[in-house]
Engineer: 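This is the structure I have questions about; it appears just below.
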Amino acid sequence: MLGLAVPVVGRLPAIVGLGVLALVCVALVLVGLRGDDSLRRQVRRTALEEQLAAEHDQSEWRRRNL
């Protein structure tokens, strides 16, 4: 998408072209973030489950050994 915008932007005044390229970049980043949203949620959920399991194991160890 960015590659397609460069020839078109080359015909515009510099500041307008820069603004268009910036908008295209922001749109691409937002699309990428939106697509990775479910993956990030899954990673966060897994990390929380692992943290809670480790804390539980540590609490059990402390209860038995201290």
Side-chain angles (χ1 to χ4, degrees):
M1 184 172 176
L2 189 58
L4 296 174
V6 171
V8 174
V9 170
R11 298 182 196 140
L12 299 173
I15 193 73
V16 174
L18 186 60
V20 169
L21 289 176
L23 287 174
V24 169
C25 288
V26 168
L28 289 173
V29 167
L30 291 176
V31 166
L33 288 175
R34 180 102 176 163
D36 293 340
D37 191 41
S38 63
L39 177 62
R40 280 188 289 125
R41 285 184 184 177
Q42 182 180 0
V43 168
R44 286 181 186 161
R45 189 176 308 121
T46 302
L48 179 60
E49 290 171 359
E50 290 175 355
Q51 180 182 354
L52 292 175
E55 289 174 359
H56 181 264
D57 291 345
Q58 291 170 358
S59 294
E60 287 297 314
W61 184 89
R62 285 186 197 108
R63 186 183 58 77
R64 287 190 312 267
N65 297 309
L66 297 179

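Here the structure is a predicted model, which is why all the values come from computation and not from measurement.
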Engineer: Quick check: is V24 connected to V29 through a chain of hydrophobic side chains (ILVMFWY, heavy atoms under 4.5 Å apart)?
Structural biologist: no
Engineer: Under 4.5 Å between side-chain heavy atoms, counting indirect links through other Ile/Leu/Val/Met/Phe/Trp/Tyr residues: same cluster for L21 and V16 or not?
Structural biologist: yes
Engineer: Partners of R64 by salt bridge (Lys or Arg N to Asp or Glu O under 4.0 Å), sequence neighbours excluded?
Structural biologist: none
Engineer: Drop me the distance from R41's CZ to R44's CZ, to the nearest 0.5 angstrom.
Structural biologist: 8.5 Å
Engineer: Are V31 and V26 connected in a single hydrophobic cluster, I mean Ile/Leu/Val/Met/Phe/Trp/Tyr linked by side-chain heavy atoms less than 4.5 Å apart?
Structural biologist: no
Engineer: Working to the nearest 0.5 Å, report the span between CG of L33 and CG of L28.
Structural biologist: 11.0 Å
Engineer: With the threshold set at 4.0 Å, does a side-chain nitrogen-carboxylate oxygen contact exist between D37 and R40?
Structural biologist: yes
Engineer: Starting at CG of D57, measure out to CZ of R62 and round the result to the nearest 0.5 Å.
Structural biologist: 11.0 Å
Engineer: Mind checking the NE2-CG spacing from H56 to L52? Nearest 0.5 Å is all I need.
Structural biologist: 10.5 Å
